[in-house]
2 protein chains.
Amino acid sequence: MIYLKNRKVMSDRMRTLKYAILGLINRGSMTGYDLMKVFNMELVNFWYAKHSQIYPELKKLSDEGLITYETVLQGEKLEKKLYSLTEAGKEAFLNWLAKQDLLEPTPKDIFRLKSYFIESMTKEEILSQFNYQLDQRKEKLKKLEATMIEHPYAKGIIDIVTPEYGDYIVLKGAIMREITYIDWLTECINEIKNY
Amino acid sequence: MIYLKNRKVMSDRMRTLKYAILGLINRGSMTGYDLMKVFNMELVNFWYAKHSQIYPELKKLSDEGLITYETVLQGEKLEKKLYSLTEAGKEAFLNWLAKQDLLEPTPKDIFRLKSYFIESMTKEEILSQFNYQLDQRKEKLKKLEATMIEHPYAKGIIDIVTPEYGDYIVLKGAIMREITYIDWLTECINEIKNY
DNA sequence: CGTATACATGTCAATACTTACATGACTATT
DNA sequence: AATAGTCATGTAAGTATTGACATGTATACG
């Protein structure tokens, strides 16, 4: 009945970057550059994107009527685009947020993959590999904990209906995850050492 | 000096699927279909691939001289390709395995992203979302633990130089990770409930 | 005044991965 | 004998992501 030329429906897939951007702009107007910084500094523990992905996505969201921008000057000549949500954009974001999701596939992990192949390594190689990972993970945990002690929530402010509460719970989750990874590495190292 | 037409060098990037396949074939000859099953049943907690990705990769690895195959018959007519490693393939795999890696970027996680935006949800929505995730995670943990009690290592067999030891440590890691995710969800739920 | 670093926005080519399309044989059950 | 489920191998089109290419402005510091 319907001729399938130009079938643009094709299902929306996940489009997670789309909603991540909408959610961030919902917190307040931002430029593409701002988004890039937030992704790669604040959200980096659960989502991120390069500017080469962000700028085309912003273009697309504009075309879809979910965001608009005004051009503002930074200094004398430098133009930047300050994006805000449209009503449609806000609605799209809230619908995405409220939707209940099935578990995603378990994230891929190259080091776990290498661990799976552990029999093809010598004891020295194994310990060297695990210790190298352990050092890096400990370093990472240290940074996360340093961020945490600076956080208003760690200082006893308890209001759940603020953006800071979201920041706080995902940071706490990142720390717990990191500690568990370290525990796993440590247990493996001890077991292998004593073999 | 050098004309940059057809510059195929371009760095090998990660090519993790390549090495995952080499590692599996190193454990024993397999068909593409076998690989698909192993990825999506045994390795699914840290690596996986669809058959539509596996078959082209096998073609590529053949072309690169890292694997070879013999065609064997399953029944009367059905041909399947049984792949084995070449010397070059074995070497490539062992080099990859021994290489020490920097930490990968933290895996993306849609639910953590949604949690970050928690202030845009009502208390009821939040609790419903977190409880839904919690139920699914508990279900998943139950399955992992069921696999574990069946595992030879959980029954006290302690020889580290077997494929089973690799299976065991990654399974243990998956269980620890799942427990921590559940702990995080539970803590969040309690904090929000009591608010 | 130079210069390094951050601000700012884009494109392009390639890799990685997913979904759907496509086909056919084998095996266990009814 | 039909049929459902698994075995078996592929391709095509599209989305997601990366790394390199490309360009220019603003600001802080010495």
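The figures that follow rest on heavy atoms only: side chains count, while hydrogens, waters and symmetry mates do not. The chains referred to below are lettered A, B, ... by the order of the sequence lines, with proteins before strands, and numbering in each begins at 1. Just so you know, these numbers come straight off a predicted model, no measurement behind them.
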Could you say whether A:Arg15 or B:Leu58 is positioned toward the 5' end of DNA chain D, judged by the nucleotide with the nearest heavy atom to each?
B:Leu58
Can you say whether the rings of B:Trp184 and B:Phe111 are parallel (under 30°), tilted (30 to 60°) or perpendicular (over 60°)?
perpendicular
Any cation-pi pair here, A:Arg27 with B:Tyr116, using under 6.0 Å and within 45°?
yes
Rounding to an integer number of Å, can you tell me how far A:Lys81 NZ sits from C:dC7 C1'?
16 Å
What integer distance in Å separates A:Asn40:CG from D:dT17:C1'?
13 Å
Quick one: sort the B:His151 and B:Tyr168 rings into parallel, tilted or perpendicular, breaks at 30° and 60°.
tilted
Please give, in whole Å, the distance from D:dC7 P to B:Leu73 CG?
18 Å
Compare the minimum distances between each of C:dA8, C:dT18, D:dA16 and the side chain of A:Lys80, then state the nucleotide with the smallest one.
C:dA8
For the side chain of A:Tyr55, starting at C-beta, report the closest nucleotide among D:dT11, C:dG10, D:dG10.
C:dG10
Under 3.5 Å donor-acceptor, B:Asn40 side chain and B:Ala49 backbone:
yes
To the nearest Å, give me how far apart CE (B:Met14) and P (D:dT18) are.
12 Å
Heavy-atom count check: over 12 atoms from other residues, nucleotides or ligands less than 6.0 Å from A:Lys155 NZ?
yes
Could you state the atom-to-atom distance from NZ of B:Lys18 to P of C:dC17 in whole Å?
14 Å
Donor-acceptor check, side chain of B:Lys81 to backbone of B:Leu58, threshold 3.5 angstrom: yes or no?
no
Tell whether A:Ser52 reaches the base of C:dG10 with its side chain through a donor-acceptor pair below 3.5 angstrom.
no
Between C:dG10, D:dG19, C:dT18, which nucleotide gets closest to the side-chain atoms of A:Lys50?
D:dG19
Side-chain donor/acceptor of B:Lys123 to backbone N/O of B:Tyr195, under 3.5 Å
yes
Just call it for B:Tyr69: base, sugar-phosphate, or nothing, with non-hydrogen atoms closer than 4.0 Å on any strand.
nothing
Could you state the CD1-C1' distance from A:Ile54 to D:dA16, rounded to the nearest angstrom?
14 Å
Determine the contact category for B:Lys59: base if any of its heavy atoms lies under 4.0 Å from a base atom, sugar-phosphate if only primed atoms, P, OP1 or OP2 are that close, otherwise nothing.
nothing
Using modelled atom types and a 3.5 Å cut-off, is there a donor and acceptor pairing between side-chain atoms of A:Glu79 and backbone atoms of A:Leu73?
no
Lys/Arg cation over aromatic A:Phe46: A:Arg177, 6.0 Å, 45° cone
no
Which ones in residues 24-39 of chain A lie close to DNA chain C, meaning a heavy atom under 4.0 Å from one of its atoms?
A:Thr31, A:Gly32, A:Tyr33, A:Lys37
Separation of D:dG19 P from A:Gln53 CD (nearest whole Å):
12 Å
Of all the choices, D:dC21, C:dA16, D:dA16, which nucleotide is nearest to the side chain of A:His51 once you look at every atom?
D:dC21
Rounded to whole Å, please give me the gap between NZ in B:Lys108 and P in C:dT18.
13 Å
Do B:Tyr181 and B:Asp109 pass the side-chain hydrogen bond (donor to acceptor under 3.5 Å, both in side chains) test, and can you show the C-alpha distance, the side-chain angles, and the key distance before you say yes or no?
CA-CA 12 Å; B:Tyr181 210 120; B:Asp109 183 328; 2.9 Å; yes
Treating primed atoms plus P, OP1 and OP2 as sugar-phosphate and everything else as base, which nucleotides of nucleotides 23-30 of chain D get B, S or - for protein heavy atoms under 4.0 Å?
-BSS----
